[in-house]
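Report on the following structure.
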Amino acid sequence: MTPTNARHTALALLGVFVAFLVAVHGMPRAASGHSVVSPVITSRPADPSASTTATFAFAALSGAGFRCARDGSSFTACASPVTYTGLAQGRHTFSVVTVAAGAESTPTAYGWVVDTVAPPAPVLTTVPANPTSNATNTASWTSAGAGATFRCSLENGAWTTCMSPLTWLIDTSNNGQHQLAVQAVDAAGNVSATTAYAFTHQKGLPESGPPFTVAGSVGDLVPGVWRPLSVTVTNPNPVTIRVSALTVAVAADSTPPGCTSAANLELRQPSVTTSSVLLVPSRGSVTLPGQGVATAQIRLRNLPNVNQDVCKNKSFALTWSGTASN
């Protein structure tokens, strides 16, 4: 080999070696994927979502392919749109990459929560009286569902967004029944069971409070024995009343006179209180004991060292007082 030919051969070998270096060190740049544009997710489920099915749509440059993964699984070939069904409660993730010329983009990811559990039903804490003479009424409620919003239906009408407390005006043109219904709605759109309340509007109540009458009597008193009074409460109003207090008193002296009540009689009052209310229907009456309310009782004291013959065949006047509302 001449010197000239040896130099040509060395240059040729050098050229092959340089080409090999270029080929080996140039491949990773394309494989890294930095030159491939990541896909854009164009449609996705809400977060949170009340559905166990999720559909994703995505797009990239024309001619590109895609690979998808869910909840940390391996990427597999996919096409837009892709749908997943039977998803469990809780958080999920979706990722998609663009594939072009054998290279992949960086992933585009989306996370969301599946929640199909309805929140607890609201609990009414204040409601209009039943019956009521008010045209304007207020109700309030609470919910154990964190972050819940509410919707209400009045008079069995359409559901609308509402807040507690709620004040509204009812139609008082008749003595009809009125309705309120409340539901809780969580962030995923799940709706609770309905909490409902119905009440009646009744007209004609006097502003000073509805009057009522009480009649009661007892006989055959003997020393030391309690006798129940047969007590009847009568309501002359065109509406139901709520009697929350009822008291009986006895005249100081008997008829004819000669037997004093203070010395010879004892009384037990009826158990009508604000927490044990007696409901008396419109133009009706209730006799005690009734509705779980005890009647009044009276007895002639047993006074062994006192001659009580003076009390024989005597009578006493009873007087009644009380409080009622509609």
Side-chain angles (χ1 to χ4, degrees), residues 38-59 66 68-75 78 80-97 106-130 132 134-171 177-201 275:
S38 298
V40 176
I41 297 176
T42 58
S43 178
R44 61 194 184 186
D47 181 27
S49 171
S51 175
T52 58
T53 297
T55 297
F56 292 87
F58 37 88
F66 301 98
C68 299
R70 179 176 64 85
D71 297 338
S73 63
S74 300
F75 281 88
C78 59
S80 178
V82 63
T83 298
Y84 300 101
T85 60
L87 297 172
Q89 302 289 309
R91 177 158 291 279
H92 297 273
T93 57
F94 168 76
S95 300
V96 58
V97 297
T106 56
T108 300
Y110 178 73
W112 80 106
V113 171
V114 171
D115 176 12
T116 63
V117 179
V123 175
L124 293 171
T125 53
T126 61
V127 293
N130 184 31
T132 181
N134 297 326
T136 301
N137 292 272
T138 299
S140 58
W141 58 87
T142 59
S143 174
T149 58
F150 303 98
R151 63 181 194 175
C152 297
S153 170
L154 297 174
E155 316 296 23
N156 297 319
W159 292 96
T160 58
T161 301
C162 59
M163 296 178 62
S164 176
L166 173 69
T167 298
W168 74 104
L169 189 67
I170 63 173
D171 180 5
Q177 193 173 68
H178 300 271
Q179 295 84 25
L180 164 69
V182 186
Q183 294 176 335
V185 183
D186 67 16
N190 298 300
V191 179
S192 74
T194 301
T195 300
Y197 179 73
F199 61 100
T200 301
H201 177 265
S275 59

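Judged as a side-chain contact (heavy atoms from CB on, under 4.5 Å), and not counting sequence neighbours, the contacts of Ala57 are Thr42, Ser43, Ser80, Pro81. Residues meeting the side-chain hydrogen bond (donor to acceptor under 3.5 Å, both in side chains) test with Asn130, sequence neighbours left out: none. Not counting sequence neighbours, the partners of Phe66 by the ring-ring contact (aromatic ring centres under 6.0 Å, His included) test are Phe58. Thr138 pairs by the side-chain hydrogen bond (donor to acceptor under 3.5 Å, both in side chains) definition with Thr167, not counting sequence neighbours. In this structure, the side-chain contact (heavy atoms from CB on, under 4.5 Å) partners of Thr195, at least two apart in sequence or on a different chain, are Ala121, Pro122, Leu124. For Arg151, the side-chain hydrogen bond (donor to acceptor under 3.5 Å, both in side chains) partners are Gln183, not counting sequence neighbours. Take Phe75 and apply the ring-ring contact (aromatic ring centres under 6.0 Å, His included) test, not counting sequence neighbours, and it matches no residue. Under the side-chain contact (heavy atoms from CB on, under 4.5 Å) criterion, Thr85 pairs with Thr53, Thr83, sequence neighbours left out. Applying the side-chain hydrogen bond (donor to acceptor under 3.5 Å, both in side chains) test to Asp71 and every residue at least two apart in sequence or in another chain returns His92. Listed by chain and number, the residues in a side-chain contact (heavy atoms from CB on, under 4.5 Å) with Pro48 are Val113, Ala187, Ala188 (sequence neighbours excluded).
Checked by atom type and distance alone, the side chain of Gln177 never pairs as donor or acceptor with a backbone atom of Thr200 at under 3.5 Å. Within the 3.5 Å criterion, the main-chain N or O of Ser38 finds no donor-acceptor partner in the side chain of Thr108.
Counting heavy atoms from C-beta outward, Val82 and Phe94 have side chains that approach closer than 4.5 Å. Between Trp159 and Val185, every side-chain heavy-atom pair lies at or beyond the 4.5 Å cut-off. Annotation: side chain of His178 is not in contact with side chain of Leu154 (no heavy-atom distance under 4.5 Å). Residues Phe56 and Cys78 are not in side-chain contact: their nearest non-hydrogen atoms beyond the backbone lie 4.5 Å or more apart. Using a 4.5 Å heavy-atom cutoff, the side chains of Thr161 and Thr149 are not in contact.
Smallest separation of non-hydrogen atoms from Asn137 and Ala135: ND2-O, 3.4 Å. A pairwise comparison of heavy atoms in Leu166 and Cys152 identifies CD2-SG, 4.0 Å as the closest pair.
For the side chain to side chain donor-acceptor pair (under 3.5 Å) condition, the pairs that include at least one residue of residues 110-122, sequence neighbours left out, are Gln89-Thr116.
A 6.0 Å sphere centred on CZ of Arg70 holds more than 12 heavy atoms belonging to other residues, nucleotides or ligands.
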Extract all donor-acceptor atom pairs below 3.5 Å that involve side chains of residues 140-148 and protein atoms in other chains or at least two apart in sequence.
residue, atom, partner, partner atom, Å
Ser140, OG, Thr125, OG1, 2.9
Ser140, OG, Thr126, OG1, 2.4
Ser143, OG, Gly145, N, 3.1

